[in-house]
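This one's a predicted model, so the numbers in the text were calculated from it and none came from an experiment. Read the numbers this way: they start at 1 and go in the same order the structure lists the ligands and their atoms.
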Amino acid sequence: MTACPVRRGCGVADNGRPPARRCAPRPCGAWRPGARPGATGVSARVAAIDNELAGEQRVVDGLYGRLDALRAQARRRLAAVRRAGPSGSPQNRSERDAFATLYEDRVAQLEAVEDRLAFGRLDLHDGDRRYIGRIGLTDEEQTPLLTDWRAPAAQAFYRATAAHPDGVVRRRHLVTAGRRVTGLEDDVLDLDALVAQGVDPASLAGVSGEGALLAALGAARTGRMGDIVATIQAEQDAIIRSPLAGALVVQGGPGTGKTAVALHRAAYLLYAHRRLLERSGVLLVGPSRTFLHYIDQVLPSLGETGVVTATLADLFPGVEARGTEPDEVARLKGSTVMAEVVARAVRQRQRVPQQPTRVRIDGRTVVVRPQDVASAISRARRQHRPHNLARVTFVRDMLGRLAEQYVQQLGGDVAPEDRAEIIEDLRTTREIRVALNLAWMPLTPQGLLRDLWTKPHRLEAAAPELSPRQRALLARPADAPWTPADVPLLDEAAELLGEDDQAARAQARAEAAQRAADVEYARQVLRSTGAGDLVSAETLAGRFAGSGPSLTTAERAAADRAWTYGHVVVDEAQELSAMAWRALLRRVPTRSLTIVGDVAQTSAAGGTHEWAAMLDPLLRGSWRLAELTVNYRTPAVVADTARRVALAAGLPVSPQTSARDVPDALTCTRVDDDARLAATAAARAEALTDEVRDAAGAGRVAVVATPERAAQVRATLVAAGRDVPAGDAVDLHAPLVVLTPGQAKGLEFDVVVLVEPAEVLEVSAGDLYVAMTRPTHALHVLHTRDLPAGFTERT
Ligand SMILES: Nc1ncnc2c1ncn2[C@@H]1O[C@H](COP(=O)(O)OP(=O)(O)OP(=O)(O)O)[C@@H](O)[C@H]1O
């Protein structure tokens with residue numbers, strides 16, 4: 001087959017998929033020699049393509065028709081369940097509630113796949129044709145109509161190339177607007193086979209005039225991330241479908257689709273390992289609430305709603321970590337030395353008293369003797385159980401010894417039931433309780449950590465390896481709010497302290513028995529209702545359970561600190577400190593992880609610039625690396641400049657090429673007077689906001705600057721009457737926002753106004769790299785000082 005002249009000209013790799021920079025947005029099929037306009041006559045070609053379009057429209061109409069029918073069916077079933085009302089036995093009620101939730105989920109899932117329900121078609125060597133879409137659909141006889149993009153049968157849509165066609169002769173992209181097919185694009189992988197199947201080369205389509213990928217990349221931004229399901233590229237697909245087991249690190253420069261790939265991988269794994277992951281759940285950790293809001297539509301649009309999303313600061317249920325602290329303090333709290341400090345602080349709450357304590361009970365005296373306490377402590381410690389759990393053993397042991405003293409005073413011989421009564425009397429005697437608590441204090445994580453931060457003597461005892469200056473850094477008032485860097489320490493403490501779980505374990509045994517019965521019952525229910533394709537017996541049984549009908553796996557997991565997930569996805573993972581990793585890994589004992597990030601973009605104190613340095617000690621070297629190399633976001637001139645600046649600042653920048661260029665994408669303007677910088681930035685941002693906003697309300701502008709500058713710009717805009725969101729939880733629907741580089745992390749905007757890059761660089765080179773790589777169309781740089789090295793090719 002002859003290579004596409006356009007693509008050959010711009011150096012597309014053999015995998016044929018990521019179009020290199022400046023590739024003209026034309027589909028290969030339209031440019032095949034036999035298919036050039038004129039070769040068969042323009043009107044014949046237009047007619048042939050119209051014919052193709054009409055054919056595809058009929059297929060797409062059929063698919064939407066089936067979707068509508070399934071929606072109506074799910075709604076009817078839901079209405080029937082709701083009509084039944086809240087009567088009947090508790091078993092009936094919980095069964096009904098479970099089915100109501102099931103049908104509600106199904107309706108929501110079917111609603112969410114409306115946009116671009118079908119986006120591709122594969123023509124296979126054997127003459128078969130397969131439509132690829134957001135979900136799988138079959139007709140009433142179970143004949144496949146649409147193949148789920150995650151199914152093995154869809155893989156060739158993303159991977160097949162002319163060199164490795166994988167049984168595919170043509171890959172077709174369907175371009176749709178609502179339910180209307182507006183364009184087609186063909187990638188012909190084997191023209192001879194296609195012609196042998198009777199295809200008229202004139203009908204090979206290029207109607208839309210823009211490649212689906214380039215159209216997606218050039219679209220105005222809405223403030224929310226969209227899915228990339230129709231245009232996943234081969235190197236991305238390989239990562240998305242990588243096996244579930246083990247830790248996969250995805251390294252890639254800015255805009256290479258790491259977040260997109262992480263989200264599609266979560267959806268893929270839920271599809272491919274539904275039974276396992278539906279029960280254990282998937283956790284997705286992002287850098288900020290704004291970021292989580294930015295991505296929160298992607299998984300539902302892929303038909304998945306069961307993923308728990310959280311920032312690290314949210315990982316300790318019941319603690320709101322909204323406090324801030326200097327980087328130096330956060331870095332210290334994130335270092336592994338703190339694991340030892342917390343462990344020591346716990347051990348120090350197991351103490352042998354200096355003096356015996358004498359207690360009078362009913363005219364007799366028992367003595368809490370230091371040597372008894374020492375022996376009870378070492379016996380309890382030998383169990384290697386968490387502090388609060390081992391305390392039960394310690395207390396039991398001590399009460400036994402004290403009871404023995406008491407019994408000796410009675411003459412040494414008492415019936416077992418009398419002995420139990422004596423133990424109970426001892427246990428409820430206040431002085432004894434106080435003495436035993438002083439020796440082995442029951443503790444909460446919050447109490448332990450607060451004591452360390454507010455009582456210098458406790459911190460000094462627990463952290464001899466820290467210098468007095470470092471300890472002084474950690475000190476804070478008792479009413480100070482928790483900070484994100486406290487959360488992994490609270491988690492560490494919770495792990496070492498444990499909770500007295502005797503009652504919980506008895507309950508768990510009872511629940512396990514109940515659950516086995518529920519699963520059996522759910523199997524029978526599914527057999528009789530035929531809803532087995534919607535839900536597994538295990539999941540349905542979970543919904544029958546006493547935890548309430550609306551409590552999904554995700555909701556239960558999010559509320560339980562000790563929940564262990566089947567898979568954890570971490571985005572912007574370079575920002576996590578060693579202590580944060582420890583907290584996270586506790587939640588995934590199987591080490592099934594997708595870790596995505598860019599070690600050149602690190603800005604958090606305690607984050608990493610080298611994966612091996614951070615992960616090797618934690619994962620014992622057991623992780624695999626995949627790299628993404630094409631920047632889909634940033635125009636080439638901006639990406640190249642950002643890369644030079646980052647290299648000049650010594651960052652470990654990943655190699656990458658840009659998928660496209662945009663004329664005049666980089667503008668640098670010097671402002672003479674520092675006092676006018678904020679006002680100039682505000683005026684420029686306002687003008688650009690009006691310029692980029694399209695008729696549909698899309699088009700977003702961000703001003704990115706250091707916190708002080710950002711505050712000045714925002715104040716200027718607010719004084720001019722503009723409502724400008726700022727901060728850690730900004731509303732990204734706003735056409736104009738003002739952010740620090742940290743807040744902009746992971747996000748993107750049509751246009752970015754970067755204020756005084758030299759100032760941003762002084763805070764962190766990673767911050768400058770992040771700030772420069774946020775725009776999809778243009779970067780406007782305003783500066784009074786000299787631009788940092790690398791900005792121009794000469795520097
Ligand atoms: N295959 C693709 N098809 C269409 N758009 C894509 C594709 N891959 C990535 N994109 C788009 O490129 C942009 C950048 O993607 P994403 O945010 O996932 O990159 P990233 O590597 O996480 O960037 P950063 O490190 O800067 O946060 C997004 O708009 C995303 O939708």
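The pair R644-D640 does not meet the salt-bridge criterion, since no charged nitrogen lies less than 4.0 angstrom from a carboxylate oxygen. Classification of R171 and D123 as a salt-bridged pair fails, no side-chain N sitting under 4.0 Å from a carboxylate O. Of the charged side-chain nitrogens involved, at least one lies within less than 4.0 Å of a carboxylate oxygen, so that E304 and R150 count as a salt-bridged pair. Between R700 and E748 there is no salt bridge, since no side-chain N of the basic residue sits under 4.0 Å from a carboxylate O of the acidic one. R172 has a carboxylate O that lies under 4.0 Å from a charged side-chain N of D186, or vice versa, which qualifies the two as a salt bridge. At a threshold of 4.0 Å, the pair E114-R134 does not count as salt-bridged, since none of the basic side-chain nitrogens sits closer than that to a carboxylate oxygen.
Protein heavy atom at the shortest distance from atom 12 (O) of ligand 1 is Y632 CB, 3.5 Å. For atom 30 (C) of ligand 1, the nearest protein heavy atom (residue, atom name, distance) is M225 CE, 4.1 Å. At the top of the distance list for atom 23 (O) of ligand 1, counting protein heavy atoms only, stands G255 N, 2.9 Å. In terms of protein heavy atoms, atom 21 (O) of ligand 1 is closest to K258 NZ, 2.7 Å. Annotation: atom 8 (N) of ligand 1 to nearest protein heavy atom, Q236 NE2, 3.0 Å. Counting only heavy atoms of the protein, atom 3 (N) of ligand 1 lies nearest to T231 OG1, 2.7 Å.
Of all atoms in ligand 1, numbered sequentially from 1 with element shown, those under 4.0 Å from a heavy atom of E572 are 27 (O). Every atom of ligand 1 with a heavy atom of L217 under 4.0 Å away is listed here by number and element: 4 (C), 5 (N), 6 (C). Within ligand 1, the atoms closer than 4.0 Å to a non-hydrogen atom of G257 are 9 (C), 15 (O), 16 (P), 18 (O), 19 (O), 20 (P), 21 (O), numbered from 1 in the order shown. For ligand 1, the atoms sitting less than 4.0 Å from at least one non-hydrogen atom of Q233 are 1 (N), numbered in the order shown with element in parentheses.
R265 and T594 share a side-chain donor-acceptor pair at under 3.5 Å. Between N631 and T256, the side chains place no donor N or O within less than 3.5 Å of an acceptor N or O (distance only, hydrogens not considered).
The shortest heavy-atom distance from G253 to ligand 1 is under 4.0 Å. Under the 4.0 angstrom criterion for non-hydrogen atoms, D598 is not in contact with ligand 1. Residue contacts with ligand 1 do not include G252, since none of its heavy atoms lies under 4.0 Å from the ligand.
When only interatomic distances are considered, the shortest N/O to N/O separation between G226 and ligand 1 does not fall below 3.5 Å. Annotation: T259 places an N or O atom under 3.5 Å from an N or O atom of ligand 1; distance criterion only. Residue T256 has at least one nitrogen or oxygen atom sitting less than 3.5 Å from a nitrogen or oxygen atom of ligand 1, judged on distance alone. At under 3.5 Å, not a single nitrogen or oxygen of P254, backbone or side chain, sits near a nitrogen or oxygen of ligand 1. Considering both main-chain and side-chain atoms, A260 comes within under 3.5 Å of ligand 1 through a nitrogen or oxygen pair.
Closest approach of P775 to V638, counting heavy atoms only: CG-CG1, 4.3 Å. Here the closest non-hydrogen pair linking P254 and Y769 is CD-OH, 3.2 Å. S658 and A636 get closest at one heavy-atom pair: OG-CA, 3.5 Å.
With a 4.0 Å heavy-atom cut-off, ligand 1 is reached by no atom of T776. Residue-level proximity to ligand 1 for K745 is absent, since no heavy atom of it falls below 4.0 angstrom. Within the 4.0 Å heavy-atom criterion, the part of I228 lying near ligand 1 is the side chain and not the backbone.
Around atom 29 (O) of ligand 1, the closest heavy atom drawn from R633, R774, E748 belongs to E748.
In this pair, W149 and Y158 present their aromatic rings perpendicular. The plane angle is above 60°, beyond the 30 to 60° band.
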Task: Worked verdict on K258 versus E572 for salt bridge (charged side-chain N to carboxylate O under 4.0 Å, His left out) - done: CA-CA 9 Å; K258 296 182 297 298; E572 306 290 352; over 6 Å; no
